[in-house]
Amino acid sequence: MLKSIIVICTIATMNLAAIDLNLLVAFEALMEERHVTRAAERIGLAQPSMSSALRRLRALFADELFLRAGAGMQPTEKALALAGPIGEALRQIRSALVPDQGFDPAIARRRITIAATDYGDLVVVPELTRLLRIEAPGIDLAVRPLTDATVALAKLERGELDALIGGHLPESPRCVRHRLFEERFVCVRDARANRSERLSLKDYATLPHALFSAAGGDGLPSVIDALLARHGLKRRVAVTLAHVVAVPFAVADTDLIATMAERVARRFTHLADIAVVAPPIDIPAFAIDLIHTSRAARDPALRWFLDAADRCAGRLRY
């Protein structure tokens, strides 16, 4: 935050009359594409013109800004600090000069492509789908699996995806992260197993566990195992599953126990014979985020969609 404030103050002291706003547009394109040719194509410039713009940007800010790295360009520390203030300034200018032009979701025709984790598929996407069918029936939604967050983030940055929805998503200086809500953990077990008794820490460690692991591994070590280790305890993972929807059905009619996101677990209480119980240890909650790029500032339909996702999240917050 302090670094951004310093950058803003630096820009404010410059002679604004001497700054070509097209240079800031070029900077934004370079920051998002990390490639001179692709950045030039993005804003309709020839490659030599983009190279010239980069030279002028370097002179303006007295910094290299972008350094060659493999087949692309890597932003310097100063470029990363400039990205937020410049992006926000351009968003405000575009908003003032190019309003939504009467965008009407009720009659709009558009395809939105997102990637979502299993959690997003089960919890957020159904709410979003219902809202779209009511308010924007002409907007089609394509949901891709978000199994490799790094790959999905790269696709988002290249414009192959419009947004990502899920938890534990990586950071990117080229993307905007919006917190939808927080999720907490619960335990699920067979509905007939000690229904009236509170789950003890000893039982939790002793019972065999079912574990969801999208990566295909056994998921260890994890936060839960670290918490148990503080008490001198260790759990046994008896079953590892690749899909979270399989967890409640694996637990039902067995002695297994599983720890999973509460909103997911409660969706299965009427489908699988399971009970939801509080964990005996304090497991930190995790954030469910919506990630997009600054393209949304130039796209009324996408801006509307992102707002719709936030409204859906509002219904899901505790």
For the residue pair [X] and [Y], categorise the inter-ring angle as parallel (less than 30°), tilted (30 to 60°) or perpendicular (more than 60°).
X	Y	answer
Phe268	Phe249	perpendicular
His209	Tyr204	perpendicular
Phe27	Phe61	tilted

Just by modelled atom types, is the [Y] backbone N or O under 3.5 Å from a matching donor or acceptor in the [X] side chain?
X	Y	answer
Asp162	Thr113	yes
Arg177	Leu169	yes
Asp190	Asp253	yes
Arg58	Glu64	yes
Asp20	Asn22	yes
Ser51	Gln47	yes
Thr129	Val125	yes

Problem - Criterion side-chain contact (heavy atoms from CB on, under 4.5 Å) on Ile86 and Met31, from CA distance to verdict - result: CA-CA 11 Å; Ile86 289 177; Met31 179 59 68; over 6 Å; no
Can you see which heavy atom on [X] is nearest to which on [Y], and at what distance?
X	Y	result
Pro126	Leu122	CG-O, 3.4 Å
Ala81	Pro85	O-CD, 3.2 Å
Glu135	Trp304	OE1-CZ2, 3.4 Å
Ala26	Ile43	CA-CD1, 3.9 Å
Thr269	Ile274	CA-CG1, 4.1 Å
Leu256	Ala238	CD2-CB, 4.0 Å

Would you call [X] and [Y] a side-chain contact if the rule is heavy atoms closer than 4.5 Å?
X	Y	result
Leu156	Arg295	yes
Phe286	Pro284	no
Arg144	Glu160	no
Leu228	Leu201	yes
Thr254	Val239	no
Leu290	Asp310	no
Leu24	Leu21	yes
Ser200	Pro280	no

Requested in this report: Could you walk me through whether Arg230 and Leu227 pass the side-chain contact (heavy atoms from CB on, under 4.5 Å) test, one step at a time?
Outcome: CA-CA 5 Å; Arg230 294 178 187 175; Leu227 292 171; 3.6 Å; yes
Rounded distance (nearest 0.5 Å) linking atom [atom1] of [X] with atom [atom2] of [Y]:
X	Y	atom1	atom2	value
Arg158	His35	CZ	NE2	12.0 Å
Ile165	His178	CD1	NE2	10.5 Å
Leu211	Asp225	CG	CG	8.5 Å
Asp255	Leu207	CG	CG	7.0 Å

Residue pairs meeting salt bridge (Lys or Arg N to Asp or Glu O under 4.0 Å), one or both in residues 256-271, sequence neighbours left out, come to Glu183-Arg263, Arg184-Glu262, Glu262-Arg266
Applying the 4.5 Å side-chain criterion to the ILVMFWY set and letting contacts propagate, would [X] and [Y] be lumped into a single cluster?
X	Y	answer
Ile291	Leu316	no
Leu164	Val143	no
Val186	Tyr119	yes
Val176	Leu180	no
Leu161	Val151	no

* Any side-chain donor paired with an acceptor under 3.5 Å for Glu41 and Thr37? -> no
Within the 3.5 Å criterion, strictly below it, is a donor on Thr206 or Asp203 matched to an acceptor on the partner's side chain?
no
Taken in chain and number order and not counting sequence neighbours, the residues that satisfy side-chain hydrogen bond (donor to acceptor under 3.5 Å, both in side chains) with Asp140 are none
Before giving the answer on side-chain contact (heavy atoms from CB on, under 4.5 Å), spell out for Leu65 and Leu82 the whole-Å C-alpha distance, their side-chain angles and the decisive distance to 0.1 Å.
CA-CA 9 Å; Leu65 297 179; Leu82 285 165; 3.9 Å; yes
List the steps and the verdict of side-chain contact (heavy atoms from CB on, under 4.5 Å) for Phe212 and Asp118.
CA-CA 11 Å; Phe212 159 60; Asp118 279 7; 3.8 Å; yes
Is a salt bridge present between Arg311 and Asp307, judged by a nitrogen-to-oxygen distance below 4.0 Å?
yes
